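Treat the numbers as computed from the prediction; the structure is a model and nothing was measured.
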2 protein chains.
Amino acid sequence: MLARAARRIIEAERPLLEAHGVSMWAYAALTLLARGSAPTQLALAEAMGYDKSRLIKILDGLEAEGLITRSPDPTDRRARVVELTAQGRAKLAAAQADIRRMEDEVLAELSADERKTLLAVLPRL
Amino acid sequence: MLARAARRIIEAERPLLEAHGVSMWAYAALTLLARGSAPTQLALAEAMGYDKSRLIKILDGLEAEGLITRSPDPTDRRARVVELTAQGRAKLAAAQADIRRMEDEVLAELSADERKTLLAVLPRL
DNA sequence: TATTGTTATACTCTATAACTATA
DNA sequence: TATAGTTATAGAGTATAACAATA
């Protein structure tokens, strides 16, 4: 049931993200970067539950579009600090607005109590 | 959040299913066949949200292991009726028991009310 | 002509191991 | 020697179209 619900949401997200020209994983990366809790590529990959080697081409694309910057970490020159640009923040905000709208439509199928419980429970699973 | 929760459950399922020698999609097929609501291969594929051409090798495997039978539909000789064998039912029951145990452990993290609401809400999403 | 099951093929996604540069 | 980022490659998963048999 979880997988089915997740697939439904992902399918609903796909056209919205495509309209903004970002893939699902790119969107996930932007979202986590906006939180600022994953400064380095490895930390970001782990936070996303993604592989560091697969993350590279995602970041390559985002960097080429000017949505993020990669700069060497002064305290450890092996590592690279990934940061959102102003464009990146704008793109994320625009995409998030569309997705929130879609999510609100889906959640409207539930009662207020159900919505509350679902949103409280999901992060704990 | 949905995708993350679904992934967690799927990861927890993987070793259990492997111990029984069935893949995730094979398990899904067995589960739907047990309900008897998807008699033909096409109906089964649609019920699983899977592609009919990908389903073939799943069924090939299940048939080779003696867990299902494929027989021509007398009313439409293009179609094949897929049915669980006694072995198939036994295999499914054994796997389901392990998975239910795992699910109970996960759900034990929630309160009774939360469990009830979650299980009522998920099928509707 | 359309549909069921099947096969083949191309394409994407994923996992793994190696390489570099730093530590 | 170990780690962060990168690259390359092989394998699994997926999508698509074509085909034979039947409707």
Side-chain angles (χ1 to χ4, degrees), chain A residues 3-4 6-8 10-11 13-15 17-18 21-29 32-33 36-64 67-84, chain B residues 3-4 6-11 13-15 17-18 21-29 32-33 37-64 67-84:
Chain A
R4 191 170 288 265
R7 276 222 311 233
R8 176 192 168 185
I10 287 172
E11 285 310 310
E13 273 181 4
R14 195 187 306 278
L17 292 176
E18 254 172 35
V22 269
S23 73
M24 199 180 56
W25 286 112
Y27 177 74
L32 283 166
L33 287 171
S37 52
T40 162
Q41 292 190 197
L42 191 62
L44 179 58
E46 280 165 4
M48 289 169 65
Y50 208 61
D51 196 86
K52 62 170 184 165
S53 67
R54 281 185 284 155
L55 181 59
I56 308 250
K57 57 179 171 298
I58 306 281
L59 296 183
D60 286 348
L62 290 174
E63 194 177 25
L67 304 179
I68 63 165
T69 58
R70 283 194 273 202
S71 45
D73 182 344
T75 71
D76 182 346
R77 279 183 306 176
R78 292 175 304 182
R80 291 176 168 225
V81 179
V82 185
E83 283 169 308
L84 283 181
Chain B
R4 192 171 286 265
R7 276 223 311 234
R8 176 191 167 185
I9 300 292
I10 287 171
E11 284 311 309
E13 272 180 5
R14 194 187 306 280
L17 291 175
E18 253 172 35
V22 270
S23 72
M24 199 180 55
W25 287 112
Y27 178 73
L32 283 166
L33 287 172
S37 52
T40 163
Q41 292 190 194
L42 191 61
L44 180 58
E46 281 166 4
M48 288 169 66
Y50 208 60
D51 196 88
K52 62 170 185 164
S53 67
R54 281 186 283 157
L55 181 59
I56 306 254
K57 57 179 172 296
I58 306 283
L59 296 182
D60 285 349
L62 290 174
E63 194 177 26
L67 304 179
I68 63 165
T69 58
R70 282 194 273 202
S71 46
D73 183 343
T75 71
D76 181 347
R77 279 183 306 174
R78 292 173 304 180
R80 291 177 167 225
V81 178
V82 185
E83 283 169 308
L84 282 181

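For the pair A:Glu46 CD and D:dG5 C1', the computed distance is 13 Å after rounding to whole Å. As a whole-Å value, the separation of B:Gln41 CD from C:dT3 P is 17 Å. For the pair A:Ile68 CD1 and D:dG5 C1', the computed distance is 13 Å after rounding to whole Å. The distance from atom CD1 of B:Ile58 to atom P of C:dG5 is 16 Å, rounded to the nearest whole Å. Here the C1' atom of nucleotide C:dA17 and the CD1 atom of A:Ile56 are 14 Å apart, to the nearest Å.
With respect to B:Glu11 and B:Arg8, no salt bridge is recorded, no charged nitrogen being found less than 4.0 Å from a carboxylate O.
Applying side chain to side chain donor-acceptor pair (under 3.5 Å) to A:Gln41 and the options A:Arg70, A:Lys52, A:Glu46 leaves one that passes, A:Arg70.
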### Task
Would you mind building the protein contact string for nucleotides 8-23 of chain D? One character per nucleotide, 5' to 3', B for base within reach (heavy atoms under 4.0 Å), S for sugar-phosphate only, - for untouched.
------SSB----BBS
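Of all the heavy atoms in B:Ala29 and B:Leu44, the pair that sits closest is O-CD1, 4.1 Å. Closest approach of A:Ile68 and A:Glu63 over heavy atoms only: CG1-N, 3.6 Å. In plain terms, the two heavy atoms of B:Asp51 and B:Ala45 that are nearest each other are C-CB, 4.2 Å.
Side-chain N/O atoms of B:Arg80 include one lying less than 4.0 angstrom from OP1 or OP2 on C:dT6.
Residue-level contact check: A:Leu42 touches the backbone only, with heavy atoms under 4.0 Å from sugar-phosphate atoms and none from bases.
The salt bridge (Lys or Arg N to Asp or Glu O under 4.0 Å) pairs that include a residue from residues 75-84 of chain A are A:Asp76-A:Arg78, where partners are two or more places apart or lie in different chains.
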